[in-house]
Trainee: 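Sharing a structure here in structure tokens format.
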Amino acid sequence: MSTDSFTDSPQKRPTVLLCIGMAGSGKTTFMQRLNAHLHSVKKPPYVLNLDPAVTQLPFTANIDIRDTVNYKEVMKQYNLGPNGGILTSLNLFTTKFDQVLEFISKRAPTLEHIIVDTPGQIEIFTWSASGAIITDAMAATYPCAVAYIIDTPRTTSPATFMSNMLYACSILYKTKLPFILVFNKTDVVSHEFAVRWMTDFETFQQALQKDSSYMSSLMNSMCLVLEEFYKHLRVVGVSAITGAGMDEFFKAVDEAVKEYETVY
Ligand code: GDP
Ligand code: MG
């Protein structure tokens, strides 16, 4: 048996990367980039697609929810709209997640990364029992990190930035996993403004005051919450389209996972 097998060397378990983010932030494109990057500079990853409604996947998935459930049929059968159809499909898939874990565990000794794409609408994964069950099951077995994908060009207004960060904060609070803020689409807008707002509290407050003059005390309190939140995460700027920032991303993942293992 090889010395770095799963049982001989538990610290060599593959790292799970959960791609979470608002609809259109670029999760699927980022997955494609992760897959290509890992194929070319590291080991090919194990790939899971949990989005039942995606029409075309730009990568090959080892496990694809669409092979198990047909979300259009689920909509018809249960008389649901699109969101209900996606959520119910995820619920049906989750009832078989023990089988998914078995598949993964067979491949685990040869893997370094398991990458997971989640449904387009963020809350279907982050605010559902199924999302929590899948996340907990993965995190119980493997080191796991959340890549929170942000649509940088659509977050340049201070109020939108604040809401997106508060949402990210709520996910960190729920999952309690190593967390990487991935500012995507830096080929369109650089994420420098975000880094400035996150490191210089006063600059952000000034920007917010320009944006809205009322509710300032609530805004100030929320800024304090965010200051605390920023201490628990890593920030990288990437472009899923051009591949910029991928080395920094993997460095952040390794650091976050290592720190998590020593602290918790
Ligand atoms: P998802 O809903 O989060 O899975 O988002 P998608 O991966 O489907 O991407 C949504 C849109 O953003 C698509 O039109 C992508 O081509 C575009 N997109 C994703 N990543 C980037 C990027 O790094 N740069 C640019 N310019 N567009 C991107
Ligand atoms: Mg997608």
Side-chain angles (χ1 to χ4, degrees), residues 16-40 45-72 74-75 81-83 85-87 89-90 93 114-128 130-131 134-135 145-156 160-161 163-165 167-168 170-171 175 179-195 235-250 252-253:
V16 178
L17 297 175
L18 289 172
C19 292
I20 292 176
M22 304 281 175
S25 57
K27 297 178 290 296
T28 301
T29 317
F30 186 65
M31 283 282 293
Q32 178 186 23
R33 175 57 61 188
L34 284 177
N35 189 40
H37 184 87
L38 289 171
H39 268 272
S40 69
Y46 198 79
V47 183
L48 260 73
N49 170 44
L50 299 182
D51 185 357
V54 67
T55 45
Q56 262 199 327
L57 267 193
F59 48 82
T60 309
N62 294 87
I63 292 180
D64 190 334
I65 185 170
R66 298 174 305 168
D67 296 336
T68 313
V69 276
N70 178 331
Y71 108 99
K72 291 224 162 117
V74 170
M75 274 170 70
N83 278 343
I86 296 170
L87 180 61
S89 300
L90 191 66
F93 181 76
I114 298 165
I115 60 177
V116 185
D117 198 3
T118 58
Q121 307 288 336
I122 189 167
E123 64 276 16
I124 289 175
F125 191 75
T126 55
W127 294 101
S128 66
S130 304
I134 291 173
T135 306
V146 172
Y148 184 80
I149 321 288
I150 297 159
D151 189 330
T152 313
R154 290 180 64 191
T155 339
T156 52
T160 315
F161 185 80
S163 346
N164 208 335
M165 290 303 106
Y167 201 93
S170 72
I171 295 173
T175 62
F179 207 86
I180 296 126
L181 284 188
V182 181
F183 284 92
N184 188 29
K185 311 194 186 181
T186 54
D187 56 299
V188 182
V189 171
S190 157
H191 70 302
E192 267 169 43
F193 75 90
V195 173
V235 179
V236 291
V238 305
S239 166
I241 296 272
T242 68
M246 293 312 287
D247 289 334
E248 289 85 348
F249 171 75
F250 278 100
V253 169

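Each ligand, and each atom within it, is numbered from 1 in the order the structure gives.
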Trainee: Can you tell me which residue and heavy atom of the protein come closest to atom 1 (P) of ligand 1, and the distance to 0.1 Å?
Mentor: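 That would be Lys27 N, 3.5 Å.
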Trainee: So is Ile241 polar-close to ligand 1, meaning N/O to N/O under 3.5 Å?
Mentor: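 Yes: some nitrogen or oxygen of Ile241 is under 3.5 Å from one in ligand 1.
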Trainee: Nearest protein heavy-atom contact for atom 20 (N) of ligand 1: which residue, which atom, what distance?
Mentor: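 Its nearest protein heavy-atom neighbour is Asn184 ND2, 3.1 Å.
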Trainee: Quick one: does Ser25 get within less than 4.0 Å of ligand 1, heavy atoms only?
Mentor: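 Heavy atoms of Ser25 do come under 4.0 Å of ligand 1.
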Trainee: Does the protein put any heavy atom within less than 4.0 Å of atom 28 (C) of ligand 1?
Mentor: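 There is a protein heavy atom less than 4.0 Å from atom 28 (C) of ligand 1.
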Trainee: What atoms of ligand 1 come within less than 4.0 Å of a heavy atom belonging to Thr29?
Mentor: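 The atoms of ligand 1 under 4.0 Å from a heavy atom of Thr29 are 6 (P), 7 (O), 9 (O), 15 (C), 19 (C), 20 (N).
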Trainee: Are any of the N or O atoms of Thr186 closer than 3.5 Å to those of ligand 1?
Mentor: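 N/O-N/O distance below 3.5 Å does not exist for this pair.
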Trainee: Is atom 14 (O) of ligand 1 close to the protein, meaning a heavy atom under 4.0 Å from it?
Mentor: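 Given the 4.0 Å limit, the answer for atom 14 (O) of ligand 1 is no, no protein heavy atom qualifies.
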Trainee: Quick one: does ligand 1 sit under 4.0 Å from the side chain of Asp187, the backbone, both or neither, non-hydrogen atoms only?
Mentor: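 The side chain, only.
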Trainee: Which of the atoms of ligand 1 are close to Met22, meaning less than 4.0 Å from one of its heavy atoms?
Mentor: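 That gives atoms 3 (O) of ligand 1.
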Trainee: Kindly confirm whether the Mg ion (ligand 2) is within less than 2.8 Å of some N/O/S atom in Thr28?
Mentor: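 A backbone or side-chain N, O or S atom of Thr28 is under 2.8 Å from the Mg ion (ligand 2).
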Trainee: Tell me: protein heavy atom nearest atom 2 (O) of ligand 1, and distance?
Mentor: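 Heavy-atom neighbour on the protein nearest atom 2 (O) of ligand 1: Gly24 N, 3.0 Å.
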Trainee: Quick one: does Gly26 get an N or O within less than 3.5 Å of an N or O on ligand 1?
Mentor: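 In this structure, Gly26 places an N or O atom under 3.5 Å from an N or O of ligand 1.
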